[in-house]
Amino acid sequence: MDTLLQQLINGLTLGAVYALVALGYTMVYGIIGLINFAHGEVVMIGTMVAFTVIVSLASSGMSPLLILGVGLLVSVVVCMVLGWALERVAYRPLRHAPRLTPLITAIGMSIVLQNVAMIIWGRNYITFPPMINKQIYEIGGASFTNVQVAIVSLAALVMLGLIYLVHRTRIGMAMRATAQNPHVASLMGVDINRVIAMAFIIGSALGAVAGCMVGSYYEIAHYQMGFMLGLKAFTAAVLGGIGNLAGAMAGGLLLGLIEALGAGYIGDLTGDFLGSHYQDIFAFIVLIIVLMFRPSGLFGERTGDRA
Amino acid sequence: MNGRIRSSVSVSWQRHWLGLLLLAVVLLAVPFVAALGGQAWVRIANFAILYMFLALGLNIVVGYAGLLDLGYVAFYAVGAYTYALLASPHFGIHLPFWVILPLGAGLACVFGVLLGAPTLKLRGDYLAIVTLGFGEIVRIFMNNLNAPINVTNGAQGITLIDPIRIGDFSFAQTSTFLGVTLSGPQKYYFLLVALALLVIVVNIRLQDSRIGRAWQAIREDEVAAKACGINTRNIKLLAFAMGASFGGIAGGIFSAMQGFVSPESFSLMESITILAMVVLGGMGHIPGVILGAVLLTGLPEALRYGIEPLQRALFGRMIIDPESLRMLVFGLALVLVMRFRPAGLWPSSQRRRELAESAD
Amino acid sequence: MNQVPLLLEAHEVAKHFGGVKALHDVSLTIRRGEIYGLIGPNGAGKTTFFNCLTGLYKNESGHFIFDGVKLEADAPHKAAAVGIARTFQNIRLFGNMTAIENVMVGRHLRTHAGVFGAITRNPTTRAEEAAIARRAEELLHYVGIHERAHDYAKHLSYGDQRRLEIARALATEPKLLALDEPAAGMNGTETEALRVLVEGICRDGVTVLLIEHDVKLVMGLCGRVAVLDYGEKICEDVPVVVQKDPRVIEAYLGGSVA
Amino acid sequence: MLEVNGLRVSYGGIQAVRGITFHVNEGEMVALIGANGAGKSSTLRALSRLLDPAGGSVRYRGKELLALPPHRLVGEGIALVPEGRGVFPRMSSLENLRMGAYARNNKTEIEGDLEQVLGHFPRLKERAQQLAGTLSGGEQQMLAIGRALMSKPRLLLLDEPSMGLAPIMVQKIFEVIRAVASAGMTILLVEQNAKLALEVSQRGYVMESGEITLTDESKKLLTDPKVRACYLGE
Amino acid sequence: MNHVRIPGVLVVLAASMAIIGCGKKEEPKAAAPAPAPAAAAPAPAPKPEMVVKIGHVAPLTGPIAHLGKDNENGARMAVDDANAKKVEIDGKVIKFELLGEDDQADPKTGAVVAQKLVDAKVAGVVGHLNSGTTIPASAIYNQAGLPQISPSATNPKYTQQGFNTAFRVMANDIQQGSVVGTYAVKDMGAKKVAIIDDRTAYGQGLADEVEKAAKAAGATIVAREFTNDKATDFKAILTKIKAKNPDVVFLGGMDAVGGPMLKQMKELGIKAKFTTGDGGCSPELIKLAGPASEGVICSQAGLPPEKLPNGQKFLEDFTKKYGQIQIYSPYSYDAVMVLIDAMKRANSADPVKYLPEVGKTSYDGVTGKIEFDEKGDIKNGAITVFEIKDGKLVTLKSEGGSAPAK
């Protein structure tokens, strides 16, 4: 039983990270129906920037929490600028282009960002300096650390903040309106371009937060880390119903749990035929099954307004 | 009038014999001209044709039928492994290529239908992620099917795969006949060109056929296509199956050419690259797709040769190491091409017009 | 009149959207060889009826009998296969295909060439392709737009697009041609030409079901007319009678409502 | 107040509006009627900048509207109730109404207007928290009108408010329109239901095949045999 | 319209082929004097110089670019060292040049760059890094008669293809796996062993051998788990392993996997000893895992540096020049040296002449004594077991190999 509890904790932490990254995909997709494939790279840049700031401040004598805070802040700002630039330079000119064109642009941008990161931060794995003294707690035979607690609570906080932003603020209302009917929204006085740029900026800020979390949780960073993370998070977003905030969160958590429980139990259930070597496909199999019965994901609109 | 509709190949043969003759000369000359710069260029040309194969296959699915497939590499893998398993010491089976290639194509077809059947009702982006997942599933199975029964030899891959051989004439060795010395890659070049011409003809004929019209109709307006009596599900599955079979053949040739396969050749990035060739070149337009395949295979290689001298010429020294810059330039090229030619480098005339109209 | 065989019988067909009843137990019969009009104000359920008939929607209750056989059309291509062809209210052509290609797509149902034939271009396939092209040209002639055969469908004028849609529908060799507001957006001359065309189609043996807003056209063209209002059939008779029916006048001009 | 001159709209190769000219004076309600596909909605879409006209000019209070991006119109005092309502389906009724006031800043004023609009439409008050997508057609129409009013417009453009509604609902909607008009609002009403439209408006234009074929005072049009012919084929 | 289609297609095809074909003509012939070494006539100058090119291939972009660059640095240092010594062959001072290529860890690119090196008439090749690129490339080198020494590809199949040109200076999986597996049971007293591999050719191959050896030595394998080389979260499989309560956990994988894994083991409170092969036996692992790396037992091919006078010096020189060693740079350094050594003995840089000498190598490298068996594998390759203590790799024991005479 303690194993199950432990796996649930593992899955929850992983899922929280996935959910945050997935929100970045969903923010953008929800509004303009674009899969921003470069989002994983934005997360990577977020991690890298935070790393640089933290390392350069590490000897300044500031308190570790403050350093971490500054690192997070700087990385959020950098990613917001990056998100804005991506939209402005790469995607906006293609708003009326055939559907696959921005997809290829996104892939191109992701190659560019990876290689820029490689030039700046080098090819080697980078050790993310542990700023928080890791405490290990135990409950019922399962253990977790204060970093995990911080990650899950920060993720929850950010998600609550996002829900507040989208449902309670003026810009959030404009975003939802644009997502549902851009033409009418513009008639209400909403500047569509600004709203779309905002979606990119907010999504990238979330990516930066996720990047800092990944960095401080695994304490390792590499210029290629964004690809897999982005892919998983994208899967999570689709699982939940891409374009839907609650869906992205649920999809992320679910994916984290599927991976943990899948790796933990499927092997025993199938006589080790499907062991943890198939860990990476459990998510896809669940995704395919879900989509067969709910073609728009768990929380997606049944009749999508975008074909 | 009828002639225009039928657009028959025979008409064009007659009208353009001079151009075709020129073309034949060029195609014949390529491996020898390329070899002047090194056999590596012949190999690059070979991979360019191989990718052209794959891109034309994917073009049927994405370009003709309008279905976004991000897992195309799965069919390539199926073809490659079919060849590898049936012509290597792994199982001790050594079938000739003319048995295995069609078999690989057929098997890839089956996989195409298997993938298509449950997913066809999904909308574009959902279909994309499911096909992506399918590609990963196939790759991961290839990577792990070494236990409990060793089928694929897992990540270690399969070695000593037989080259393509016709009688005693092996494509792997250098040999001389009629006074001309041909290296292995050069021989494969001619084989590939022959197959490529075949594939192009098949592509054109499919496009100009009842089936091709049905694909285009589905892409234009699925509801109207149904109302015209087209069984859209079957026709879409047919697109998947046809596209997959091209992938299967390409996989088989890849296996034979390399003599070694392992799952790392069939990563998601491969699918994305093939899709990029289709889109960058000009979706649905055969010359465009060919151009896309050749450019995206050739560009990184040309940059490999060119970026170092270029940097030296510009700055007098190496500022950034060439490998980082090479991929950076490649990525930028993708972005810039899409920015300034959103319908691709060489779109069909109708695509170009479509875009022009939707833009204003 | 009583011995004319029936082509289509609709029996208490009903369809709901959410809580809204779009069709409420509509029954009607269409005889072989007639032009049957279906009219009613916007949102009365005409197009919904059409969509149920052609398999685009699934009706919740009721059924159709077509040509003596119960229609099991749960998919549009099956409806087309048994001989029901249709056009769309908001014109659904394959815009980036030429006019003649549009009509050739319509021949899909009645031709057979598969992948093998397409690739080998064997004599059978070539003959079939030629036949398809010939028939498509004939049909373009028939609807009167053969001069624009090689223009993209989306570049045709409104009226020509309507005609092309009809030609494409006819290419499927239907027994029943269902036209959804073919005159919408046409001016007087175009409408008149359409009237002549539809009459011709009927004369050539195809039964026509016509949804139309242009009451003048319906009255001039149709043998019998049914009027739908709020998903219910309020009247079915010859035009002169329908025209005088107070319920119809009320439905159209929005008379006093209790 | 609004002068439209030689407005042309085309989709691809099709001319939907073929150079029409009309005007709306301050404080009056003008009806634009015509059959399906006559070009009425295209005209309105061009006015509200949802599509780019092929030619012509639209002057509003002396200013050229065609030079403005759509989101600036509301600031000029123009509100559109689009065809098919165009409510935001996954937002509550209340949020839809607030969206109407998006371009305004004065919070207390907005709250006051919200009360007023909800007073106009007691039905909406009941459904304030319900998602707009789950409302009935009539309720959605009320919501769309209410939302337009929330922007405090000087000119209200109504596109087919009766479309697809039950008669009793149509009646209610038109009562509201009448009430809004009598409060001094300038209204351009595009409507297929000629009788209703002509009954509430002062002047009318009849559109056919992208052209304006008739114009007169509404009362006269109502009895004009040509209008009857157009609709009933008499 | 339609009738131009076919030629259109073909013309593109031809034109693009032609572009490729011409591309290389513009390409500058790197450093022009590509020597056809045998043909080079002795120059009149007393100390004529001759350029000998040595090829090196590893992924320099992509996920394992850090290892590739490390390998290249090792080879580059070897070339620099050799040039500094002014090696003379056949009366000429040899200037070695390193042609470094990027194969992106992609088998197809591997074949192209292999051909490129053959075209450039290099005298020998060091590489590639991965087995997946080494194997297809080996066929090309074999055809060209070029000696190829891989510093890091451990897949046994590489040398089992029957190519007389294929060598490796690294113990293959079988050799290393049996040492580690036996050590875990015999010396560490493990009864229950859990094995994880990263599903790469390297990790899988090594883990399979460890499993065999551990079983043979009498231990039970309580868990066999898997991850991948790009993963960073191992908690799910570690939790499962924890429940099985093993004495030893073995990882067949690289340090980038091992680092985070060690930290996560600590977080989960797994007490088992952690062991791994050469892929994780690096200063990098200590850097990535921090204090969690204390007590890790790992193995490297070759002898411990303290037994090798050259080894210590290499470490210092390399670190000074390129920074921290990742993993395989000492092996690529040795591989270059083995090639040069064979040239010296053959007194020729012509592959045809010196290839037989490569097989007869007996060279004291920075990783130990290097001799090849008939297949080209390192003979009696030494395996050294280390423990990480106070953030340093400390030798526990060496097996096989012989310390070179000083």
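- Highest contact tally toward chain E, considering only B:Gln258, B:Glu264, B:Met269, is held by B:Gln258 [criterion: heavy-atom pairs under 4.5 Å].
- By the 30° and 60° cut-offs, the orientation of the rings of B:Phe266 relative to B:Phe254 is perpendicular.
- A donor-acceptor contact under 3.5 angstrom links the side chains of E:Gln161 and E:Ser138, judged on distance only.
- Scanning for ring pair (Phe, Tyr, Trp, His ring centres under 6.0 Å) contacts around B:Phe330 gives an empty result, with sequence neighbours left out.
- When the side chain to side chain contact (heavy atoms under 4.5 Å, CB included) test is applied to E:Thr276, the partners found at least two apart in sequence or on another chain are E:Leu251, E:Phe274, E:Cys298.
- Counting heavy-atom pairs under 4.5 Å between each of E:Asp208, E:Val112, E:Asp106 and chain B puts E:Val112 at the top.
- Side-chain atoms of E:Thr200 and E:Asp229 form no donor-acceptor pair, as typed in the model, at a separation below 3.5 Å.
- If you measure heavy-atom distances from B:Pro185 to chain E, the contacts under 4.5 Å come from the side chain alone.
- Contacts from residues 65-75 of chain E to chain B, taken as heavy-atom pairs separated by less than 4.5 Å, involve E:Lys69 in sequence order.
- Across all non-hydrogen atoms, the minimal contact from E:Tyr202 to E:Gly279 is OH-N, 2.8 Å.
- Residue E:Val113 touches chain B through its side chain alone, counting heavy-atom pairs closer than 4.5 Å.
- Note: B:Tyr76 and B:Tyr51 have tilted aromatic rings, judged against thresholds of 30 and 60 degrees for the angle between ring planes.
- Residue pairs meeting the salt bridge (charged side-chain N to carboxylate O under 4.0 Å, His left out) criterion with at least one partner in residues 295-307 of chain B, sequence neighbours excluded, are B:Glu301-B:Arg304, B:Arg304-E:Glu101.
- Ranked by non-hydrogen atom pairs under 4.5 Å with chain B, the options E:Thr109, E:Asn228, E:Asn155 are led by E:Asn155.
- Neither the backbone nor the side chain of E:Ala139 comes within contact range of chain B, judged by heavy atoms closer than 4.5 Å.
- Only the side chain of E:Gln143 comes within less than 4.5 Å of a heavy atom of chain B; its backbone N, CA, C and O stay farther away.
- If you run side chain to side chain donor-acceptor pair (under 3.5 Å) between B:Asn150 and each of B:Thr152, B:Asn153, B:Asn146, only B:Asn153 comes through.
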